[in-house]
Chemist: 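Quick one: this structure, given as structure tokens, is what I'll be asking you about.
So that the names make sense, note that chain A is the first sequence line, chain B the second, and so on, each numbered from 1.
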Protein chains: 2
Amino acid sequence: MATIKDVAKLAGVAVSTASCALNGDNKVKSSTRLKVLEAAKRLNYQKNGFAMDLKRSSTQTIAVILEGFSGPYFSELLKGVQDITSANRYSLIACSSHGDADSTAIRFLKEKRADGVIVMAYNISDELLLESTREGFPIILLNRHLRGDFIFNVTIDDVLGAKTATDYLIQAGHKEIAFISGPANSQASNHRYIGYKESLKANGLKEQPKWVLPGKFTRTSGYKATKTLILQGNLPTAVFYGNDEMAVGGLKAFEESGIKVPDDISIIGFDDIELAEFTNPPLTTIRQPKYEMGTLAAHLMFQALGGGIVTQDYNLPTELIERESCRTFGDQR
Amino acid sequence: MATIKDVAKLAGVAVSTASCALNGDNKVKSSTRLKVLEAAKRLNYQKNGFAMDLKRSSTQTIAVILEGFSGPYFSELLKGVQDITSANRYSLIACSSHGDADSTAIRFLKEKRADGVIVMAYNISDELLLESTREGFPIILLNRHLRGDFIFNVTIDDVLGAKTATDYLIQAGHKEIAFISGPANSQASNHRYIGYKESLKANGLKEQPKWVLPGKFTRTSGYKATKTLILQGNLPTAVFYGNDEMAVGGLKAFEESGIKVPDDISIIGFDDIELAEFTNPPLTTIRQPKYEMGTLAAHLMFQALGGGIVTQDYNLPTELIERESCRTFGDQR
DNA sequence: CTGTTAGCGCCTTCAT
DNA sequence: ATGAAGGCGCTAACAG
């Protein structure tokens with residue numbers, strides 16, 4: 001594993017000269033540079049990036065921590081982040097917090113392997129986050145809220161979005177609306193639940209315990225929750241799924257039971273994942289501005305890195321996307 | 001930015017003692033350890049991972065380089081890689097080669113920021129790859145073949161897969177079959193084209209230049225290619241898309257033109273992306289064993305890292321997934 | 001233009 | 001049990 005020292009020796013110059021030559025500092029005669037480059041090639045020399053970072057005490061990279069690489073919309077979000085990141089000539093790396101929340105993610109959070117991190121994962125504890133903050137190391141939280149120095153939050157208005165969804169159902173004549181939640185430790189899920197309840201209340205409807213079921217934001221959990229909904233008999237006329245993935249699972253469960261969407265039951269999701277427009281029927285849902293969240297998060301990152309005063313909380317609006325999984329107005333039982 | 005030195009000073013011990021205490025070496029009296037830990041907390045001390053890696057000259061992480069984070073089946077593949085990687089107590093980080101093939105990706109390829117790299121991107125040149133190999137730094141290439149020391153290839157049998165697809169169409173009675181290719185620099189695309197031609201030939205059919213159109217493996221390119229296919233009049237009875245993404249684009253183009261799939265035209269894709277079973281009609285396609293490719297790649301990585309002799313080339317089989325986008329046997333014009 | 005020197009933050013013998 | 005010293009590979013003054 002050749003080092004710069006070996007290169008310098010072989011080229012017959014000092015280490016610093018080699019360094020300059022390798023880095024294109026034009027303080028070095030082109031003849032010597034050539035010698036150095038030649039030697040480097042002969043030795044198959046590769047610089048050690050860590051040593052460089054250590055010296056420069058800046059990594060020029062920002063990390064994003066995801067719950068898993070399979071998340072429903074992480075690709076669009078990452079695209080947003082990536083666009084801004086590369087415009088700032090920074091590197092972007094992604095890692096998953098799945099399984100071992102304590103290993104990979106921690107290395108980025110606590111060991112200065114990045115200049116800042118964007119986290120979009122529920123399974124990283126507030127405590128760990130708080131421990132990891134420090135001057136000059138911004139943490140941007142997505143879809144999650146936590147107060148702290150150098151912590152910035154980009155959320156969407158989950159409660160309003162959920163309210164919009166529920167209102168939409170109610171205005172279409174539904175009075176019996178189930179809600180399938182996400183995992184208990186997800187703020188997004190909790191907020192969506194709140195929005196659901198607020199809408200019910202505002203419309204004089206009562207929440208029915210039998211119609212709120214727990215899910216986990218996964219397709220399978222949506223499928224299962226729907227199955228138990230069906231099994232327990234006495235179906236509502238509509239169900240609001242905490243996210244699209246679960247709605248997709250629900251669609252499958254209904255299909256298997258011969259229950260027609262939207263004729264027999266209306267369903268609405270949340271997120272507007274790519275799949276949503278391809279399901280059968282296409283899924284009505286609440287869109288999250290995923291790409292924009294990504295760019296905003298990255299923007300905040302660089303502002304914070306730049307040392308400016310940065311607003312700590314951003315709450316982005318959602319949008320109702322009407323497709324065909326709900327019975328339309330006037331089309332009431 | 002507190003360093004271990006600060007901690008040691010505050011605790012009133014030597015740096016090395018602090019190091020031991022922090023790392024749990026039980027060579028240190030618990031009373032001093034406590035002092036050190038206390039000091040570390042007070043100072044909000046975080047170790048610098050790079051310095052550690054530099055010292056230890058091993059990063060315990062492997063990197064995967066993707067063309068972009070938006071690819072259709074990266075998530076499944078990454079899951080495979082991730083599972084093996086974390087079982088080996090390594091970290092996994094992903095980065096994109098999009099745009100600046102020269103920046104982020106290069107940092108991992110050439111600057112020893114990872115112990116090995118898995119690459120799944122066409123826009124990284126063979127040359128760069130070859131330059132980056134060195135003893136103890138394995139590179140695993142996915143869906144791509146390159147011969148070199150410390151380079152391992154995991155491919156699927158693209159030509160056989162393509163042949164299977166085309167044979168399938170021919171056996172269903174089709175004689176006029178178009179092919180939409182991927183980008184010219186994609187080996188996968190080229191192999192699929194070869195398989196297509198072989199099948200044609202084996203079945204006594206002639207390749208028609210007007211029916212092979214270039215695409216880019218993106219949905220949009222599939223849409224456009226299909227549009228020009230339609231525009232040029234004289235439609236074939238079937239089209240084989242180089243991948244599913246393009247087939248999805250094609251589906252849209254056909255729908256817009258009122259051409260019914262599979263009644264008016266049969267289409268088949270390649271990859272079996274998640275979307276494939278949700279399109280309308282569900283897409284018949286050739287499945288790639290994505291998860292398995294991921295696990296295999298990671299396995300090879302660790303074998304190579306372990307210094308054993310490792311087979312350099314693996315070629316995985318594909319599988320025909322029959323759905324509803326092709327007219328079935330006997331159903332000929 | 002080139003070489004010497006001194007760290008970056010950490011870990012690891014080797015003495016004490 | 002603890003401390004002093006050297007070095008990982010590189011860069012950045014500062015001299016020559």
Chemist: My understanding is that only residues two or more places apart in sequence, or in another chain, count here; which of them pass salt bridge (charged side-chain N to carboxylate O under 4.0 Å, His left out) with B/R144?
Modeler: B/D126
Chemist: With sequence neighbours excluded, tell me which residues meet side chain to side chain donor-acceptor pair (under 3.5 Å) with A/T59.
Modeler: A/D115
Chemist: For B/K35, what residues pass the salt bridge (charged side-chain N to carboxylate O under 4.0 Å, His left out) criterion, not counting sequence neighbours?
Modeler: none
Chemist: Can you list every salt bridge (charged side-chain N to carboxylate O under 4.0 Å, His left out) pair that touches residues 81-90 of chain A, not counting sequence neighbours?
Modeler: A/K79-A/D83
Chemist: Considering only residues two or more places apart or on different chains, which pairs with a residue in residues 297-312 of chain A satisfy salt bridge (charged side-chain N to carboxylate O under 4.0 Å, His left out)?
Modeler: none
Chemist: List, one per line, each side-chain donor-acceptor pair under 3.5 Å for residues 2-20 of chain A, sequence neighbours excluded.
Modeler:
from : atom 1 : to   : atom 2 : distance (Å)
A/T3 : OG1    : A/K5 : N      : 3.0
A/D6 : OD2    : A/T3 : N      : 2.9

Chemist: If the sugar-phosphate is the primed atoms plus P, OP1 and OP2 and the base is the rest, what is the B/S/- string for nucleotides 9-16 of chain D, using protein heavy atoms under 4.0 Å?
Modeler: BBBB----
Chemist: Need one value for B/K27: base, sugar-phosphate or nothing, where a base atom within 4.0 Å counts as base even if backbone is also close, heavy atoms only.
Modeler: base
Chemist: Please enumerate all residues that pass side chain to side chain donor-acceptor pair (under 3.5 Å) together with B/T32, with sequence neighbours excluded.
Modeler: none
Chemist: What salt bridge (charged side-chain N to carboxylate O under 4.0 Å, His left out) pairs are there with at least one residue in residues 297-313 of chain B, not counting sequence neighbours?
Modeler: B/R147-B/D313
Chemist: Distance under 4.0 Å to a non-hydrogen atom of chain B counts as contact; along DNA chain C, which nucleotides mark the start and end?
Modeler: C/dC8 to C/dT12
Chemist: For residues 39-50 of chain A, which residue pairs pass the salt bridge (charged side-chain N to carboxylate O under 4.0 Å, His left out) check, not counting sequence neighbours?
Modeler: none
Chemist: What's the angle between the local helix axes at either end of the helix from C/dC1-D/dG16 to C/dT16-D/dA1, using five pairs per end and rounding to 10 degrees?
Modeler: 40°
Chemist: With A/L141 as reference, evaluate A/L129, A/V154, A/V117 under the side chain to side chain contact (heavy atoms under 4.5 Å, CB included) test and give the passing residue.
Modeler: A/L129
Chemist: What is the separation between atom NZ on B/K9 and atom P on D/dA4, rounded to the nearest whole Å?
Modeler: 14 Å
